[in-house]
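Have a look at the structure below, then the notes.
The sequence lines fix the lettering, A, B, ..., with proteins before strands; numbering per chain opens at 1.
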Amino acid sequence: MARILITSALPYINGIKHLGNLVGSQLPADLYARYMRARGHEVMFICATDEHGTPAEIAAQKAGKPVAEYCAEMHQVQADIARRFGLSFDHFGRSSSDRNRVLTQHLARRLGENGLIEVVTEKQVYSIADGRFLPDRYIEGTCPNCGYERARGDQCEECTKQLDPTDLINPRSAISGSTDLEVRETKHLFLRQSRLRDRLDAWIDSQSGWPVLTTSIAKKWLHDGDGLQDRGITRDLDWGIPAQFPGAPWEGMEGKVFYVWFDAPIEYIGATAEWADAHGLDDAAWERWWRTDKGADDVRYVQFMGKDNVPFHTLSFPATLIGSEEPWKLVDYIKSFNYLNYDGGQFSTSQGRGVFMDQALELLPADYWRWWLLSHAPENSDSEFTWENFQASVNKDLADVLGNFVSRVTKFCRSKFGESVPEGGAWSDTERALVDDLESRVRAYERLMEAMEVRKAAQELRAIWVAGNEYLQSAAPWAAFKTDPERAAAIIRLSLNLIRLYAVLSAPFIPFASARMLAAMGSTDDAWPQDLEAALTVLKPGHAFTVPDVLFAKIADDQRADWQARFAGRRG
RNA sequence: GGGCCCGUAGCUCAAUGGUCAGAGCAGAGCGCUCAUAACGCUUUGGUUGCAGGUUCGAGUCCUGCCGGGCCUACCA
């Protein structure tokens, strides 16, 4: 048994996430966590809301609530939706937790003691009306290059020219529209990542088998131009983890907080500590996942994230941990995803474009979405959600191939033998051929799941379902029943066992339907099949089962058209 | 501007430089009648974006071009 630490990129607090966010980190992480648990490994699956930063403050302002209250509410909303999607976090924490504050301040102090933090004075734009410094993106104005009137302080979206906020003509606050701006001096802590470049470079070189998407981004940051740049890790904000605390080796940090990207990944550790607290366990319980001097040396740590998050996980966060000179567990494998597009464009939180997690659950049960998203996960390139494709895939795979298999087997048995596993008859070559076929398919499925080849694993699982229908076609119990009822009984006995097997194998993808299948078979045996022949004789003659209601209802054309129209514009 | 990724069947996607570029869906034909008008079998469909090059051999490597995307360090 191995010990596997799994983290999903933290969803930002300022709203409900869309399907593109879901498929890029939380959902594949859940798939992997469920699979590894099913294989008997010890799993710690961690996620949390990422609650700091300017967007959270602005979202709270818009909602007319204090930011702490807003975050607490949104955390509950996100936790509830995650639960309804079947995301099986061992703990869903908050980056605003006490645990994260203590850890973040601790790591910052260690970095400071190791000479890796310096105080830098810089000039930033301050908005008097808003009472805050403005990040570059929150300053709008006319582009000096092309004259576009809504250029942002970091870049003009119209002509793509890189800008400095002071380049803008008629600059104004993107928050309030106020033009009452001034440039003020402010001091910030900088993490001297440049000093860690060679160690980070060597660390990345020592990792094998990382996706191109992952290493190419890291390498570019390490080697482009002057190499890895030092990075500001504090901000002039009210909401966040204070950058001033007893023992801090810096002066002049009063009223400043750590930059959200400094404290957010530390919350992976913080949330594990929160998990220990929630279960009444001591520090040793979480430290054995994170401290290689306290038992984490045999942990395999896998991170899941969208491609936009990669630099922070390959460079910033490791720089924090390595620079502390403490034995923290570093990531072993990063699984990164491209983007899921929506009907020819991007999903967009800010524009409300696409389908959001709460809306998805209003339309259909979580398993429909889980199946489609995972079987179409954007692993190699951006992929595309269309309603036609969603309808076709879900109807065919879930309703026709799997759902109908369960239906035809259980209903045939009920009408010919009653609602218990029939006895009599014996396996023939047909059954042995099926077992051989499943043996190789299940092993292939295991290899793909271990390699986190999400799409291919889904394909293999589907092929395993199809094998059941092929078997029924060749064994033809409806024909056998007329001349040799015992032969039909043997076929159906195996088929009922196939349903139980499918429930176990499919659970990482479609946990809710799997639970229903297992319940219908009257079984609690969800052990992973080590030996297929044994796994297909678990349900013995005389064992009672029930015919489940339709497992997956098909999506009708008019439903699809309706949803398509309803989700064509912005979220209302 | 710079870096990187992608472009393969009508659609969604596969193919360590090595048989005839493969699956699923959609389409066509046949079979089956247990089942959610479901299932099974067979089958049509390709100048691998374009133009060159390297190689015994290129979807894969190189150069250029066309198209799409991501990042570019203060959105997260």
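Taking the ring axis of A:Phe337 as reference, the NZ or CZ atom of A:Lys335 stays within 45° of it and closer than 6.0 Å to the ring centre.
Look at CG on A:Asn338: it is 14 Å from P on B:G69, rounded to the nearest Å. For the pair A:Asn309 CG and B:C75 C1', the interatomic distance rounds to 12 Å; values are reported in whole Å. Rounded to an integer number of Å, the gap from CZ of A:Arg231 to C1' of B:U72 is 11 Å. As rounded to whole Å, 13 Å separates atom P of B:C34 from atom NZ of A:Lys411. Between A:Arg441 atom CZ and B:A23 atom P the separation is 12 Å, expressed in whole Å. Here the C1' atom of nucleotide B:A26 and the CG atom of A:Asn389 are 11 Å apart, to the nearest Å. Summarising the geometry, the separation between CD on A:Gln459 and P on B:U12 is reported as 15 Å, rounded to the nearest angstrom. As rounded to whole Å, 15 Å separates atom C1' of B:A15 from atom CD of A:Glu379.
Of the residues in residues 462-480 of chain A, A:Arg462, A:Val466, A:Asn469, A:Glu470, A:Gln473, A:Trp478 come within less than 4.0 Å of RNA chain B through at least one heavy atom, sorted by number.
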(request) For RNA chain B, produce a single dot-bracket line, 5' to 3'. Pairs: Watson-Crick or G-U wobble, both distances under 3.5 Å. Symbols: ( ) within strand, [ ] crossing, | other strand, . unpaired. (result) (((((((..((((....[...)))).(((((.......))))).....(((((..]....))))))))))))....
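For B:A38, its base never sits under 3.5 Å from the side chain of A:Asn404 at any donor and acceptor pair.
Residues forming a side-chain hydrogen bond (donor to acceptor under 3.5 Å, both in side chains) with A:Trp221 (at least two apart in sequence, or on another chain): none.
A donor-acceptor distance shorter than 3.5 angstrom exists from the side chain of A:Asn497 to the backbone of A:Arg493, with no hydrogens or angles considered.
Counting any heavy atom pair closer than 4.0 Å across all strands shown, A:Thr54 reaches sugar-phosphate atoms only and no base atom.
With no hydrogens or angles considered, a side-chain donor-acceptor pair links A:Thr49 and A:His75 at under 3.5 Å.
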